[in-house]
Amino acid sequence: MEIFSKLWEGKLSQYDETRSFSAWLYRVAANHCWDILRRRKIRQDKETEDVDEVPLEHPDPNQLDRLIEQKTSEEVRHALQKLGARARMALVLRYYSDMSYDEIADALGVRRAFVGVVLLRARHELRQALEGKSALAAGGTT
Amino acid sequence: VSEPADPALREGAGGTMDHLDEMTCLLYAERQLDRGRAQAVSAHAEDCMQCRTLLRALDREARLLTRAMLEEDEPLPSRLAEFQERARKSFGWIWGVVFGLAATGVYALYTQMVEPWQARLEQAGFGGTSLLSLLVFQGAFWKGWQSMITLLEVLAMLTVAGFGVVLFRKRLRRGSALALVLAGLCAALALPLTTGATEFRNAQAGTAEVRQGETIKGDIYLSGERVRIEGTVEGDVYAAGKEVDIDGHVTGDVISGCRSLRVLGQVDGNVRTAGNFGMISGTVGKNVTWFGDSVSVDSAGKVGGTVTMFGDNLTIDGHLGRDILFFGNEVNVNGVIGGGIRQKGESMILGSSAQVDGPIRFEGKNPANVASGAKLAFPVEFTKAQQESQYKQGHYYLWRVIWTAAFVLFGMVLFLLMPKFASEAAAAGERFGAPIGLGVLVFFGVPIAAIIASITVVGIPLGILTLSLWILTLFCAEIVVGTAVGNWIMGKPVDTWGLIGRMTVGFVLVRIVYTPLAHIHVVGSLVGLGIWMWGMGAISLALYSRLAPKVSQAGMPIPPVPLPAQTTIA
């Protein structure tokens with residue numbers, strides 16, 4: 001609601017018509033959410049950027065295959081709730097909204113070449129959450 | 001934060017073999033690699049089982065994520081969602097049970113319906129090689145069918161045709177496939193024409209006739225307001241008209257569609273008719289098959305074989321050589337019947353001058369009315385119709401379950417054969433208003449149109465084809481309604497198996513709701529009709545959407561037609 005009132009109050013005039021409206025809208029929404037979180041003094045850095053520094057462990061393909069086979073949609077939804085905001089948003093934009101990498105880059109405010117990394121880290125977080133480990137520890141088990 | 005690594009190989013465990021890194025696999029699975037690198041990954045994956053497994057796992061993970069998030073939108077209670085997931089994982093045994101039940105259904109259909117019917121009809125003197133050939137092909141278009149087609153042969157032909165359609169459906173365009181079917185049908189119908197001289201007489205609103213003293217060698221097709229045969233036909237007669245009178249001699253069969261048929265002369269073969277009233281005052285050498293209101297065999301009339309009738313009223317005052325098989329309202333006998341009577345209907349009256357030499361089985365509301373002077377070789381076996389108490393019996397529900405499974409299997413096969421059309425029909429069904437409206441039109445309109453088309457000889461194949469499609473649609477209607485209900489409850493499916501799952505859930509729900517309603521007098525019929533119309537309408541709407549010409553999306557205005565010079569518009 002707040003986002004739409006923001007749009008109404010003048011943000012809409014900043015929209016560049018040559019670009020995707022939905023991606024722009026997501027970006028406005030994302031920025032708005034970051035502002036709120038920042039105001040609440042939650043350390044998003046800990047959740048996202050610090051983790052990004054850590055190299056990812058290569059998964060065992062068979063183990064990964066078994067994990068996916070065993071998990072239900074319901075469990076995946078529960079696991080998604082445990083993810084960091086950025087990881088969750090990346091997965092939602094890609095696998096629910098079916099956005100292209102360019103649009104995701106636009107919405108998340110990262111370079112296009114970085115979208116794959118964000119998605120891969122998000123998936124690792126998700127796997128950790130599905131296995132019952134802490135989402136924040138995801139990706140850091142080299 | 002580092003840039004993502006270029007698609008690269010990483011060293012495998014123990015340094016024995018290089019494997020693709022996960023990032024490369026992800027980018028490949030998401031089609032984000034350029035052509036050259038994608039080809040390299042593809043070539044590597046062909047040889048490397050581990051990387052192939054990883055690619056597959058990543059792809060499955062993406063689909064699991066999409067499904068999980070799409071289902072979140074659905075108004076499905078979480079317990080049902082979990083049940084659905086469990087069912088998905090137990091797919092093997094569920095389909096095993098469905099197949100088993102369906103096989104039982106098919107077996108039951110054969111042993112309980114097809115076989116007894118075949119036996120009864122053969123006992124009644126039809127002597128066909130199979131029920132299918134008897135009902136569909138016997139003498140109707142080509143007598144060769146009778147000696148050629150057996151049920152197994154038909155099934156084999158259908159199976160081969162089905163496989164052919166599946167194999168070539170991607171290669172055949174819709175128009176050419178339709179043309180092929182029609183050409184095949186025409187060829188099949190053209191075959192009998194070459195077997196003998198066939199004459200056509202069409203009098204439109206007048207009288208089509210074979211005059212007294214005239215002899216036709218071969219079959220004859222007659223159509224008109226009135227059809228009259230006073231001469232001799234040494235072959236079969238195919239007649240369509242309001243009134244058909246046979247005063248002369250027909251050595252073959254008489255096949256007709258009419259309001260009234262009178263046989264005053266002699267027919268050596270069979271009389272097979274769909275019509276209102278039939279009166280036989282002459283002689284029919286073999287059997288009479290009648291779909292319509294009433295048939296009367298006068299005291300002077302004689303039928304050498306059997307009478308099989310689906311209609312309202314049958315009166316036998318004359319002589320019948322063999323049995324009566326009757327489904328309808330009333331049988332009234334005052335003549336001689338050389339065989340037995342099997343009737344399912346309202347009432348049976350055996351008058352004082354009646355003579356029946358065979359067994360009499362009557363299933364109806366009240367016992368047969370037998371006059372004191374009637375001569376019966378066997379007493380009447382009466383069975384009271386127990387329609388109302390059927391639902392109180394356990395095996396009724398068991399058979400409902402078996403038939404439900406059979407329908408689900410039928411639906412599954414259809415959905416796998418035509419996945420896109422199935423989802424279009426289900427989507428059309430979700431629109432409620434339009435499909436029900438169209439369904440009313442199709443439900444009543446198509447059979448009428450088919451019958452009208454069949455009045456002319458040329459229109460007969462078209463009429464039969466239309467009617468067959470209509471019956472097929474009728475069978476599919478409940479499946480489409482089930483799918484629409486399934487979609488409504490569980491939301492949009494992601495793939496064909498999702499659609500099949502929704503069809504199964506929806507169909508079972510519709511059956512559960514409809515089963516108790518079916519026994520309420522008017523409500524049951526109305527709900528049943530509603531389901532049929534809804535489903536038929538949805539299928540018709542989907543068909544219409546496919547066949548209707550596409551309107552241009554560009555929204556280009558149609559240029560006005562230029563008027564000739566000096567034109568004045570009033």
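Sequence lines set the chain letters: A, B, ... in the order given, protein chains first and strands last, and positions in each chain run from 1.
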Just list the side-chain donor-acceptor pairs under 3.5 Å for residues 413-422 of chain B, sequence neighbours left out, or say none.
none

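Separating the CZ atom in B:R60 from the CD1 atom in A:I68 is a distance of 6.5 Å, to the nearest 0.5 Å. Taken from CD in B:Q32 to OG in A:S100, the straight-line distance is 8.0 Å, to the nearest 0.5 Å. Separating the NE2 atom in A:H58 from the CG atom in B:L20 is a distance of 8.0 Å, to the nearest 0.5 Å. Within the model, atoms CG of A:L64 and CD of B:E61 stand 5.5 Å from one another, a figure rounded to the nearest 0.5 Å. Rounding to the nearest 0.5 Å places CE of B:M69 at 11.0 Å from CZ of A:R94. The distance from atom CG of B:L58 to atom CG of A:L119, rounded to the nearest 0.5 Å, is 11.5 Å.
Interface remark: A:V115 contributes no atoms to any contact with chain B (heavy atom separation under 4.5 Å). Neither the backbone nor the side chain of B:L55 comes within less than 4.5 Å of any heavy atom in chain A.
In this structure, B:A57 and A:P61 approach most closely via the heavy-atom pair CB-O, 4.3 Å. Taking every heavy atom of both residues into account, A:P59 and B:L54 meet most closely at CG-CD1, 4.0 Å.
Under the 4.0 Å criterion applied to side-chain N and carboxylate O atoms, B:E30 and A:R123 are assigned as salt-bridge partners. Salt bridge B:E22/A:R127: present, at least one basic N to carboxylate O contact under 4.0 Å.
Applying the ring-ring contact (aromatic ring centres under 6.0 Å, His included) criterion to B:Y28, with sequence neighbours excluded, gives no partner residue.
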Quick one: do A:V76 and B:R67 satisfy side chain to side chain contact (heavy atoms under 4.5 Å, CB included)? Show the steps, please. CA-CA 10 Å; A:V76 172; B:R67 194 165 58 237; over 6 Å; no
Does B:L65 form a side chain to side chain contact (heavy atoms under 4.5 Å, CB included) with A:L126? I'd like the steps, not just the answer.
CA-CA 10 Å; B:L65 268 165; A:L126 183 76; 3.7 Å; yes
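Using a 4.5 Å heavy-atom cutoff, the side chains of B:L64 and A:Y95 are not in contact.
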